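In this chain, residues are counted from 1 in sequence order. One-based numbering, in listed order, for ligands and for the atoms of each. The structure presented is a predicted model; accordingly, all values stated were derived computationally and were not measured.
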Amino acid sequence: MNVLVTGAAGYIGSHAVKWLLEQGHDVTALDNLSRGHRAAVPAGADLMQLDLAQTEAIATVLKDRKIECVMHFAALAYVGESVTEPLRYYQNNTGGTISLLQAMERAGVARMVFSSTCATYGVPERMPIVERMKQEPINPYGWSKLFVERILKDHAAAHPDFAFAALRYFNVAGCAPDGSLGEDHDPETHLIPVLLLAALGKRERVEVFGDDYPTPDGTCIRDYIHVEDLVSAHSLVMEHLRPGDQRFYNLGIGRGYSVREIIDAAREVTGVDFEVRVGPRRPGDPPELYADPSRIQQELGFAARHTDIREVIKTAWRWFKDHPEGYGSAK
Ligand code: UDP
């Protein structure tokens, strides 16, 4: 299939490009390179440096490349930043998607797989999270994604041939097992990369954001899905999309790990006893989030392959050891 991947120079988008190329798809990569890395786009995909706001230019790419499906990863994704700069998030994530949909409409492209997030659920009343639960985000990032889900529904209602899937990610972790791609954010705030940077001596210590939550060890519980499983789910969903489809799937492994458990696993994988301190809670962190992934399992037969957190961390450790400066360095 001819696929356009937006956000192709980012962490998840670059892994998606790699996976799609390996599956024999023809991939066009799109990124404005505001946060992504040119070097992250696998050889074999042509990179178009365009912003989502460039509707006409994107429509031309879609037509010229005879694109059949858009995988839409491009987004700003820092919760804290979304609180201080909400307009930027709504403009980029929500407005950018409207522009992309307009380009698709002009070019006659009627299939989209969209990166949504479990942040659209806010603080759920029950665990595990099933797709039909109430969605009430607690930050602008979550709202910027939930608005897109709404827009997709309305757009689909008006265009019976249009098909989309919104995939609600839990915590995405790990790197390409062959070591070719990784995670390189600036600033890096995600737990597993922070632990591995501490193991490398690039951070003095790690701070646990609160150990007084109502969980067994007092630290927050999250559901970590390996990036390769995540992107393989995207291509599976893409292949099943039929005109008129509106699909919503959670993407997690269905079990949670506490921050303490992740720290122990990272110490074991790296063999480094990096310093850990307990600090205050980080505002906006729900105590516990994990998916009920059974809908995508039952409907499409998807099951995550990387379910041992040590194995997940090992794939990331390989990348961080070989690329201590991220894409700016290679050993
Ligand atoms: N966390 C932490 N210290 C850090 C980074 C994260 O204790 O330096 C915790 C955070 O409070 C959350 C979990 O680790 O409970 C996962 O955080 P991350 O930022 O990786 O993902 P999020 O769940 O916010 O999407």
For [X], the ligand 1 atoms whose distance to one of its heavy atoms is below 4.0 Å:
X    : value
V208 : 7 (O)
E207 : 2 (C), 3 (N), 4 (C), 7 (O), 8 (O)
T189 : 5 (C), 19 (O)
V259 : 7 (O), 9 (C), 13 (C), 14 (O), 15 (O)

Please confirm whether [X] and [Y] have ring centers closer than 6.0 angstrom.
X    : Y    : answer
F164 : H155 : no
Y90  : F147 : yes
Y11  : H190 : no

> Parallel under 30°, tilted from 30 to 60°, perpendicular over 60°: which one fits the rings of F114 and H72?
Replying inline: tilted
> Identify the closest protein heavy atom to atom 22 (P) of ligand 1: which residue and atom is it, and at what distance?
Replying inline: N171 ND2, 3.5 Å
> Among protein heavy atoms, which sits nearest to atom 15 (O) of ligand 1, and what does the distance come to when rounded to 0.1 Å?
Replying inline: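 Of every protein heavy atom, C220 CB, 3.0 Å lies nearest to atom 15 (O) of ligand 1.
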> V206: heavy atom below 4.0 Å from ligand 1, yes or no?
Replying inline: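 Heavy atoms of V206 never come under 4.0 Å of ligand 1.
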>> Quick check on F170 - does any of its heavy atoms sit under 4.0 Å from an atom of ligand 1?
In response: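 So F170 does not count as touching ligand 1.
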> Any ion pair linking R150 and D154 (charged N to carboxylate O, less than 4.0 Å)?
Replying inline: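 Answer for the salt bridge query: yes.
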> Should R35 and D184 count as an ion pair when the cut-off is N to O under 4.0 Å?
Replying inline: no
[X] N/O under 3.5 Å from ligand 1 N/O:
X    : value
Y224 : no
L191 : yes
R282 : yes

>> Applying salt bridge (charged side-chain N to carboxylate O under 4.0 Å, His left out) to E131 and R168, what does each step give before you reach the verdict?
In response: CA-CA 9 Å; E131 288 86 349; R168 298 177 187 148; over 6 Å; no
>> So, using side chain to side chain contact (heavy atoms under 4.5 Å, CB included) as the criterion, who are the partners of P293 when residues are at least two apart?
In response: Q297
